2 protein chains.
Amino acid sequence: MATERAAARKPSIRKRNDEIFDAAARVFAERGYHGASTQDIADLLGMRQASLYYYFSSKEAALEEVCAIGAAGFVENAEEIAANDAGPTEKLRALASVHITPLAERPDFTRTFLNERKWLPTESRRRIGGMSRRIEAIFEGVIRAGMRQGEFRSDLNVRLTMFGILGMVNSVQIWLDRANKTPSEIAEYLADMAVASVRAVDPPEPEKNI
Amino acid sequence: MATERAAARKPSIRKRNDEIFDAAARVFAERGYHGASTQDIADLLGMRQASLYYYFSSKEAALEEVCAIGAAGFVENAEEIAANDAGPTEKLRALASVHITPLAERPDFTRTFLNERKWLPTESRRRIGGMSRRIEAIFEGVIRAGMRQGEFRSDLNVRLTMFGILGMVNSVQIWLDRANKTPSEIAEYLADMAVASVRAVDPPEPEKNI
DNA sequence: GGAATAATCTATACTACTATAGAAATAGAT
DNA sequence: ATCTATTTCTATAGTAGTATAGATTATTCC
């Protein structure tokens with residue numbers, strides 16, 4: 001039993017910490033960073049407002065932490081897909097599709113990342129911004145590959161295409177609740193739209209072996 | 001001269017009023033509704049904070065006014081296109097394209113409408129929400145028409161398609177400054193993406209006369 | 001030029017929010 | 001059983017924000 005307790009200690013600390021930031025994420029997502037008070041977060045946890053400062057040093061620090069968790073959800077998924085050996089069409093489809101998952105599963109963190117990171121002070125905004133640029137770069141890489149390999153139209157503007165597709169999939173956070181579709185239905189549908197918007201019009205020469 | 005003054009009076013009142021709401025829009029767009037103080041607005045105008053209340057009855061009322069102006073820019077453009085007699089493909093292209101115009105020309109108002117209207121109290125949020133739904137309905141109407149007439153794929157989900165395309169064009173407000181393209185280049189490009197994402201794959205039978 | 005209207009000002013009540021300091025309570029380790 | 005580290009608490013300083021009341025200045029009209 002002593003060993004069990006010992007084993008449980010670290011995870012339990014971890015767990016309380018998670019509860020704090022879950023609550024912060026929820027309040028930030030629902031009321032916006034400036035509309036959220038540390039009192040709101042404390043209320044959700046049933047603790048005193050001042051006690052929160054045991055877990056973070058400032059409201060801004062809490063925002064950065066929540067944003068970092070939110071961004072990580074996107075980055076990890078995207079990195080994994082970028083690394084596999086599927087073709088550009090399938091990679092783009094997968095990128096767009098898995099981008100929906102964090103939006104559906106951790107909406108408080110991802111919405112805070114997407115909508116509230118702009119209120120971070122310069123330093124932390126730069127750190128979080130780096131994760132955004134990583135995601136953008138992965139999309140751009142796949143688009144470029146698709147053009148090179150002839151699966152996508154050759155007259156695409158890589159940057160605008162990336163912005164357009166990311167804008168489309170990110171918008172899910174706004175209307176997910178009104179769509180009356182499951183997250184995976186939405187993911188598949190938007191992934192198809194993304195692919196349709198870039199694919200070459202003339203038949204893409206299936207499986208070229210040189 | 002008396003007549004000139006008289007003629008100038010109403011417009012001048014109008015003008016000052018516009019300055020007030022221009023400043024409010026700017027501050028709301030830059031700092032977010034909750035991050036914006038009436039003091040910030042007054043500073044921009046070089047007037048005292050309390051004097052603003054001569055022009056609006058509360059900060060919330062100012063937000064509703066700014067949002068209404070922002071939404072109107074979208075609605076008017078969309079209504080006009082919906083009413084003309086172009087085909088669905090051209091209508092969708094035009095809808096997506098002109099949607100960019102207000103985002104580029106009145107960014108403070110449109111960004112406030114898009115990002116801050118959610119903080120309005122229930123009553124005014126409903127009023128502004130009506131304008132959003134009008135825009136959505138116009139997009140849906142054109143998508144439906146395109147399916148009916150065979151220009152668009154017949155397996156589209158009207159609602160998801162509308163959400164996807166609107167999400168894409170609305171996202172311009174976030175990245176316009178980073179795109180290094182003119183608003184009209186962006187407008188044309190995204191309009192093409194939108195059309196590409198819905199067009200029928202098999203040749204769309206040009207000009208059917210029955 | 002003087003009355004009436006419009007626009008802005010001063011002063012302030014009231015409320016709310018962040019963050020710090022230090023005390024109290026809780027729980028784990030020996 | 002007690003020591004120690006962790007966690008939460010009370011109390012509060014300090015700041016900032018919205019909105020109202022009523023005085024004051026500027027403008028228009030005759």
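To find a chain, count down the sequence lines: A is the first, B the second, and so on, and within it residues start at 1. Keep in mind that what you see is a predicted model, and the values were worked out from it rather than measured.
No engagement by A:A62 is indicated, since no non-hydrogen atom pair under 4.0 Å with the nucleic acid exists. In this structure, B:A61 reaches neither bases nor backbone, as no heavy-atom distance under 4.0 Å exists between it and the strands shown.
Picking from C:dT20, D:dT8, C:dT8 the nucleotide with the shortest atom distance to the side chain of A:M47 gives D:dT8. Checking D:dA19, D:dA11, C:dC9 against the side-chain heavy atoms of B:R48 singles out C:dC9 as nearest. Comparing C:dT8, D:dT10, D:dG17 by their closest approach to the side chain of B:Y55 singles out C:dT8. Of the candidates D:dT10, C:dT18, D:dT8, the closest approach to any side-chain atom of A:A50 belongs to D:dT10. The side chain of A:S37 lies closest to C:dT18 when the candidates are C:dT10, C:dT18, C:dT20. Closest approach to the A:S58 side chain among C:dA19, C:dT18, D:dT18 is made by C:dA19 (side chain taken as heavy atoms from C-beta onward). Of all nucleotides listed (D:dT20, D:dA19, C:dT18), D:dA19 comes nearest to the side chain of B:K59. Counting only heavy atoms from C-beta on, B:Y54 has its side chain closest to C:dA7 among D:dG17, C:dC17, C:dA7. Checked against C:dT8, C:dC17, C:dA19, the side chain of B:S51 finds its nearest nucleotide in C:dT8.
Counting heavy atoms of neighbouring residues, nucleotides and ligands inside a 6.0 Å radius, atom CZ of B:R26 does not exceed 12 of them.
Taking atom NZ of residue A:K15 and atom C1' of nucleotide D:dT6, one finds them 17 Å apart after rounding to whole Å. The distance between atom NE2 of A:H34 and atom C1' of C:dC17, rounded to the nearest whole Å, is 13 Å. Put simply, OH on A:Y53 is 22 Å from P on D:dT6, counting in whole angstrom units. At whole-Å resolution of the value, CG in B:L45 and C1' in C:dA7 are 13 Å apart. Nucleotide C:dC17 holds its P atom 20 Å from the CD atom of B:Q39, rounded to whole Å. Rounding to whole angstrom units, CG of residue A:D43 and C1' of C:dC17 are separated by 13 Å. Nucleotide C:dT8 holds its C1' atom 16 Å from the CD1 atom of B:I41, rounded to whole Å. Distance, A:R16 CZ to D:dT7 C1': 9 Å, rounded to whole Å.
With no hydrogens or angles considered, a side-chain donor-acceptor pair links A:Q39 and A:D43 at under 3.5 Å. For the residue pair A:Y189/B:T161, the side-chain donor-acceptor check at 3.5 Å is satisfied.
Taking the six-membered ring for Trp and the full ring otherwise, the centers of B:F163 and A:W175 sit less than 6.0 Å from each other.
Contact check, A:T38 against C:dC17: no side-chain N or O comes under 4.0 Å of OP1 or OP2.
Taking 3.5 Å as the limit, the base of C:dA19 and the side chain of A:Q49 contain a donor-acceptor pair of atoms between them.
If you run ring pair (Phe, Tyr, Trp, His ring centres under 6.0 Å) between B:F28 and each of B:F109, B:Y33, B:F21, only B:Y33 comes through. The one candidate from A:K118, A:R111, A:E116, A:R117 that meets the side-chain contact (heavy atoms from CB on, under 4.5 Å) condition with A:L114 is A:R117.
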